[in-house]
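Remember, predicted model here, so these are calculated numbers, not experimental data. Letters A, B, ... mirror the listed sequences (proteins, then strands); counts begin at 1.
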Amino acid sequence: MTSAATTTRIDARFEALRAEGRAALVTFVMAGDPDIETSLALLKSLPKAGADVIELGIPFTDPMADGPAIQAAGLRALKSGMTLNKTLALVRAFRAQDQATPIVLMGYYNPVYVHGVPAFLEEAKAAGVDGLIIVDLPAEEDAELCLPARAAGLNFIRLATPTTDDKRLPKVLENTSGFVYYVSLTGITGAALSDYSGVSEAVARIKRSTPLPIAVGFGVKTAANAAAIARYADGVVVGTALVDALAKSLDAENRAGPRTVEAVTSLVADLSRGVRGARAQEAKKDEPFSLKSALGALARLWS
Amino acid sequence: MNEQTPNSFRNGPDENGRFGLFGGRFVAETLMPLILDLERAYGEAKADPSFQAELDSLLKHYVGRPSPLYYAERMTEYLRGLTAAVGGEGGAKIYFKRDELNHTGAHKINNVLGQILLARRMGKKRIIAETGAGQHGVATATACARFGLDCVVYMGAVDVERQKPNVFRMKMLGAEVRPVQSGARTLKDAMNEALRDWVTNVSDTFYCIGTAAGPHPYPAMVRDFQSVIGNEAKAQMLEAEGRLPDSLVACIGGGSNAIGLFHPFLDDASVEIYGVEAAGHGLDVENGHAASLAGGRPGVLHGNRTYLLMDDDGQILEGHSISAGLDYPGIGPEHSWLRDIGRVTYLSATDKEALAAFQLCSKLEGIIPALEPSHALAKVMELAPQKPQDHLMVMNLCGRGDKDIFAVAEHLGGM
């Protein structure tokens, strides 16, 4: 099985962007960071700023794969009283205004497991969630949530990493749907990526094995980083940079300031310009080759 | 319901790393190939007689095994006296399995040497570990010094403050101690940070986990390395008394010393088995204890499903115990399974009970126990009087108390 039983907003969004000829900007924010009202205002303004897909973090006390920035965001959210139920409420409130932008919940398994998988899936679907990324559920644990989620009509998006070799890749892709999230480096969120050359090869390798869109994340901080990845990937995921921008706008007691939402959305707008301009720039740079291919097409016509 | 008894309690885990509902491999994809590698390498090592021979030789000449099985005569007689004073006739014969006499002062070294030999087989040059009280950190730093390996130990910043002597020991042994400032800054956060290190340094690093928990194959592997405790105790009791013990008692944080003692006896139906969790300020005090089985419920953390202390939203609680080695919100998955199937009875002892046992053992036996086995001893003091005098009870004295004297002095208001 390589596709979900039903088409989700995620599938529709990537299809539309493919037709448009550009990559998706996938933005991560933590639910309830630094409080639920600010978080909702931020969610509502993300699509207008240029976010094509929203990843919404479920706060957890022990985020084992996250760096200091996202750890701190989760703790701020928990301190403000955020829970899984309130995270779903946030999605419902967002959905009341926006029917098109896909929402992917991202987090760790324990809050979902404790909530109860069937109840969680039903409530998430009803709230308007489209997909799930649960970091600590590898393919070996698909029976836990991945397969039930797919049956419930939610995409289960799996991470592929530099340690996912050719032998393992089919297992990772087997029950994945929506898109594949390629983690560009071995490490935690927020780490710096110095060398992008291997990433495009890895994306090409995964593309040979699946028709699903490939989004690349980890280490994307600037519009230039985003543009570099958007040339060959179907999506660019930005998380830590946005969480950092939000953190910088808070006061000493971690309360939202008047410019908190804008601090994030202005960076999203910047990143979005990078993503949107990426392939246009590429085409310009490749002009001689485009000419050659045009001549090639003429030659084929004549023959 | 029709309860089914398995043919053996010693067959777990299954090929997916499960002990019934518990265990598993709940890790990020980046780590998945690494733990599959580890599982393969451990399987090969287990089947290689030269691996076991090298480990046995180290355990004998470097650690000082076998550790004695010691008849705690005065403790036995003291408890018989108390029993007689209230008209009872009981009072089990109490033996201590003296793993506190091991090199580095606790059972931790048994497991560490096994994992370090495995790391060498796998060609890994850099070892990382988490530690709470510092015992596992010291054992890991020791083995790394012995084999010339780089060693980084993650320790919660709160624990670094509480356990300064062990921090110094690790540094003397050449390890780098990294204080962990994230989360609650205790053992669970040290484990998070070690996992983050492992995710980052996948090619050269071996994660030496200190307890019988974490993703498969760690719970089974650590149990196997610690089973030397139970295997020795069995042979020693047969030699001393000509028969098996009637009961076993051990303390439980993650539960590696306990599973090491218990596992070889699980199929000996006549042997009663008791695990003792840390009840801290009391089981009824919210977030005031570290008894995952008595006060927690099944959840997923640090790579396995097991009983965890958490709130209704699935957020992990910190737990409390006077003993930094029991101060962990989870427990090894095999214990969760043994509890649910009823093979092992799990009890708990409060800080106060442990402190009383700590003092009694010091005065009666001339042995200053660590605060961790003082929890087990507290329950021995309750159980032994209820048993007849020919009842043979073995308690795992899994660590010595040198590291705890300052903490105890503080609690007792100076000495």
Point to revise | Which of B/A28, B/G24, B/G303 touches chain A most, by non-hydrogen pairs under 4.5 Å | key: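 Answer, by heavy-atom pair count under 4.5 Å with chain A: B/A28.
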
Review point. B/Q181, B/H302, B/R305: which one forms the most heavy-atom pairs within less than 4.5 Å of chain A?
Key: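 Looking at each of B/Q181, B/H302, B/R305 in turn, B/R305 comes out on top.
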
Shortest non-hydrogen contact between [X] and [Y], atoms and distance:
X	Y	answer
A/P138	B/M32	CG-SD, 3.7 Å
B/E29	A/T161	CG-CG2, 3.8 Å
B/G314	A/N110	O-ND2, 2.8 Å
A/D62	B/K188	OD2-NZ, 2.9 Å
B/Q315	A/P59	NE2-O, 3.1 Å

Pick one of side chain, backbone, both or neither for [X], based on which atoms fall under 4.5 Å of a heavy atom in chain A.
X	answer
B/L301	side chain
B/M310	side chain
B/N201	neither
B/L308	side chain
B/P298	both

**Study point:** Note, B/V199 side chain near A/T186 side chain (heavy atom, < 4.5 Å)
**Key:**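 They are not in contact (no side-chain heavy atoms under 4.5 Å apart), so the answer is no.
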
Engaged part of [X] at the chain B interface, taking heavy atoms whose separation is under 4.5 Å:
X	answer
A/V183	neither
A/V112	neither
A/P162	neither
A/D165	neither
A/L78	side chain
A/Y109	side chain
A/L75	side chain

What's the spacing between [X] [atom1] and [Y] [atom2] if we round to 0.5 Å?
X	Y	atom1	atom2	result
A/E140	B/F26	CD	CZ	11.0 Å
B/D312	A/T83	CG	OG1	10.5 Å
A/T61	B/I316	OG1	CD1	5.0 Å

Review point. Between B/R18 and A/E141, is there a salt bridge with N-O shorter than 4.0 Å?
Key: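 Here A/E141 pairs with B/R18 in a salt bridge, since their nearest N and O are under 4.0 Å apart.
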
Check your understanding: Any salt bridge between A/E144 and B/R25, counting N to O under 4.0 Å?
Key ->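 Looking at A/E144 and B/R25, the cut-off is not met.
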
Do you know which of [options] has the most heavy-atom pairs with chain B at a distance under 4.5 angstrom?
options	result
A/D136, A/T164, A/L137, A/V114	A/D136
A/H115, A/R168, A/K167	A/R168
A/A191, A/P111, A/P68	A/P111

